[in-house]
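Atoms within a ligand are numbered from 1 in the order they appear, just like the ligands themselves. All values below were derived from every heavy atom in this structure, side-chain atoms included, with hydrogens, water molecules and symmetry-related copies excluded.
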Amino acid sequence: MFSLPMSPQVFAILAALIEQRSGVHYAPEDRELLADKVVPRALDAGFDSLLDYYYFLRYDPAGSEALDALVDSLLVHETYFFREALPLRVLAEDLLVPAVRAGRRPRVWSAACSTGEEPLTLAMILAELGALDEVELLASDLSARALERARTGEHNLRSLRALPPGVEGRWLETCEGRPRVRPELVRAVDWRRVNLVDASAVAQLGTFDAILCRNVLIYFQDDTARRVVSSLTRALAPEGHLLVGTSESLMRFGTALACEERRGAFFYTKARP
Ligand SMILES: C[S@@+](CC[C@H](N)C(=O)[O-])C[C@H]1O[C@@H](n2cnc3c(N)ncnc32)[C@H](O)[C@@H]1O
């Protein structure tokens, strides 16, 4: 099969372009991995050199859209229902429901929601607690393709691998081998495309009582993660909470948020001014 060589130099400038657009970092040892994704696109677009393809992505008026499509094809959308569910339960039971009972309408943002399993899990938990209508749920991702899937309510069987009993049949059904979430849950979420490395796009979303940013900072280098955490911190209401993945920690970034444990779940909390 016809291929194109990716020199270390072209890899370096392409990886920098991708990182600038998405935050996602490729280390030199990922050169082949990146080449596998880029080469077919370059060939399809009629290029016989990856350097020329790079110039197209970077400078051509049509390049920006092609770069978005390339980035989208590189993103890892691994997720499933009830993944790391304990922090979501604690958030719902200990913080959101009490806020609703106190007459407030809390705002929660799932900031890298992939195909939607994370915010839909929270929606299921809130619905069980009778509080879904009282909580504003926003979910976003950089990937237009993942969001398109999320909005359909259709998921892969792999998304069901950690499903607790009682969910299937009540909040989702499997039709012809395809799990489908109840439409009222999908409708309860405001789905948007937001790039986490775009601080002004984040600032436009307003403030939140809780932000879920789970299993995405791992794709960023420390400087990028630090900038993303800073803009998420600005988007938190006073005493608001940031939740990261259970294997992630903000401690090495020197965050202004205080880490607190609640019933075995870790929350990063913003101080009152
Ligand atoms: C592994 S999934 C995590 C999904 C979910 N939060 C979870 O924990 O199951 C990572 C998601 O981060 C998204 N992502 C990567 N870079 C992003 C960026 N700069 N802005 C927004 N989302 C991004 C990817 O598209 C992908 O859907």
Side-chain angles (χ1 to χ4, degrees), residues 15-26 30 34 37 64 67-89 91 108-125 137-152 155-156 158-163 179 181 189-205 208 210-232 235 241-250 265-268:
L17 187 64
I18 290 163
E19 187 164 5
Q20 191 185 45
R21 180 62 63 104
S22 65
V24 175
H25 175 67
Y26 281 88
D30 300 327
L34 188 63
K37 295 283 189 177
S64 185
L67 178 58
D68 278 342
L70 169 64
V71 164
D72 203 321
S73 76
L74 298 171
L75 298 170
V76 177
H77 299 308
E78 168 67 7
T79 187
Y80 47 93
F81 290 105
F82 289 84
R83 178 183 196 179
E84 301 172 9
L86 176 73
L88 301 183
R89 271 192 205 289
L91 172 68
V108 181
W109 175 26
S110 165
C113 71
S114 184
T115 40
E117 285 79 346
E118 177 180 272
L120 290 168
T121 299
L122 183 60
M124 289 174 196
I125 294 170
L137 291 178
L138 187 140
S140 67
D141 200 277
L142 176 58
S143 167
R145 279 190 316 159
L147 288 166
E148 220 172 278
R149 167 59 71 81
R151 288 189 184 103
T152 66
H155 298 267
N156 293 321
R158 281 170 53 77
S159 289
L160 306 186
R161 75 187 91 143
L163 214 59
V181 176
V189 180
D190 179 3
W191 305 97
R192 310 247 192 113
R193 182 164 179 262
V194 178
N195 187 346
L196 284 172
V197 299
D198 183 346
S200 66
V202 170
Q204 279 170 26
L205 300 174
F208 296 89
I211 300 175
L212 313 175
C213 182
R214 309 195 307 166
N215 304 304
V216 59
L217 296 174
I218 42 172
Y219 299 103
F220 302 157
Q221 282 199 295
D222 283 3
D223 273 0
T224 310
R226 213 171 275 124
R227 272 188 285 121
V228 169
V229 170
S230 294
S231 58
L232 297 182
H241 308 282
L242 175 64
L243 280 75
V244 295
T246 51
S247 61
E248 299 171 302
S249 163
L250 298 186
F266 290 92
F267 291 69
Y268 289 90

Undergrad: Any heavy atom of V194 sitting closer than 4.0 Å to ligand 1?
TA: yes
Undergrad: If the threshold is 4.0 Å, N to carboxylate O, is there a salt bridge linking E78 and R161?
TA: yes
Undergrad: Taking only residues two or more places apart in sequence or in another chain, which ones pass salt bridge (charged side-chain N to carboxylate O under 4.0 Å, His left out) with E148?
TA: none
Undergrad: Counting non-hydrogen protein atoms only, what is the nearest one to atom 1 (C) of ligand 1? Give residue, atom name and distance.
TA: E78 O, 3.2 Å
Undergrad: Is the backbone N or O of A144 less than 3.5 Å from a side-chain atom of D72, with the two atoms forming a donor-acceptor pair by type?
TA: yes
Undergrad: Out of A144, S114, S22, indicate the one that has the non-hydrogen atom closest to atom 19 (N) of ligand 1.
TA: S22
Undergrad: Taking both backbone and side-chain atoms of L142, is any N or O found less than 3.5 Å from an N or O belonging to ligand 1?
TA: yes
Undergrad: With respect to atom 20 (N) of ligand 1, which of L196, V228, D141, L217 exhibits the smallest heavy-atom separation?
TA: L196
Undergrad: When you measure from the side chain of E19 to the backbone of Y26, do you find a donor-acceptor pair of N or O atoms at a distance under 3.5 Å?
TA: no
Undergrad: Hey, is G245 one of the residues with a heavy atom under 4.0 angstrom from ligand 1?
TA: no
Undergrad: Hey, which atoms in ligand 1 end up nearer than 4.0 Å to a heavy atom of E118?
TA: 5 (C), 6 (N), 7 (C), 8 (O)
Undergrad: Can you list every pair that meets salt bridge (Lys or Arg N to Asp or Glu O under 4.0 Å) and has a residue in residues 216-227, with sequence neighbours left out?
TA: D222-R252, D223-R226
Undergrad: Mind running side chain to side chain donor-acceptor pair (under 3.5 Å) on R21 and S64 for me, showing each step along the way?
TA: CA-CA 10 Å; R21 180 62 63 104; S64 185; 3.2 Å; yes
Undergrad: Any idea which atoms of ligand 1 are less than 4.0 Å away from a heavy-atom of H77?
TA: 25 (O), 26 (C), 27 (O)
Undergrad: Counting only heavy atoms, which portion of L212 has something under 4.0 Å from ligand 1: side chain, backbone, both, or neither?
TA: neither
Undergrad: Could you tell me whether L75 approaches ligand 1 through its side chain, its backbone, both or neither, with non-hydrogen atoms closer than 4.0 Å?
TA: side chain
Undergrad: Number the atoms of ligand 1 from 1 as they appear, then name those within less than 4.0 Å of a heavy atom of R214, with their elements.
TA: 3 (C), 5 (C), 6 (N), 7 (C), 8 (O)
Undergrad: Considering I218, V76, V24, T79 one by one, which has a heavy atom nearer to atom 2 (S) of ligand 1 than any of the others?
TA: V76
Undergrad: Checking the side chain of D190 only, and the main-chain atoms of L138 only, is there a donor and an acceptor separated by less than 3.5 Å?
TA: no
Undergrad: I need the nearest protein heavy-atom contact for atom 4 (C) of ligand 1: residue, atom name and distance, please.
TA: A112 O, 3.3 Å
Undergrad: Around atom CZ of R193, are there more than 12 heavy atoms of other residues, nucleotides or ligands at under 6.0 Å?
TA: yes
Undergrad: Could E118 and R214 be called an ion pair, given the rule that one side-chain N must be under 4.0 Å from one carboxylate O?
TA: yes
Undergrad: Considering only non-hydrogen protein atoms, determine which one is nearest to atom 8 (O) of ligand 1 and report residue, atom name and distance to 0.1 Å.
TA: N215 ND2, 2.8 Å
Undergrad: Return a yes/no value for R83: is any of its N or O atoms, backbone included, closer than 3.5 angstrom to an N or O of ligand 1?
TA: yes
Undergrad: If we ignore hydrogens and angles and just use 3.5 Å, is the side chain of T121 paired with the main-chain N or O of F82 as donor and acceptor?
TA: yes
Undergrad: Can you confirm, on distance only, whether ligand 1 has an N/O atom lying under 3.5 Å from any N/O atom belonging to V216?
TA: no
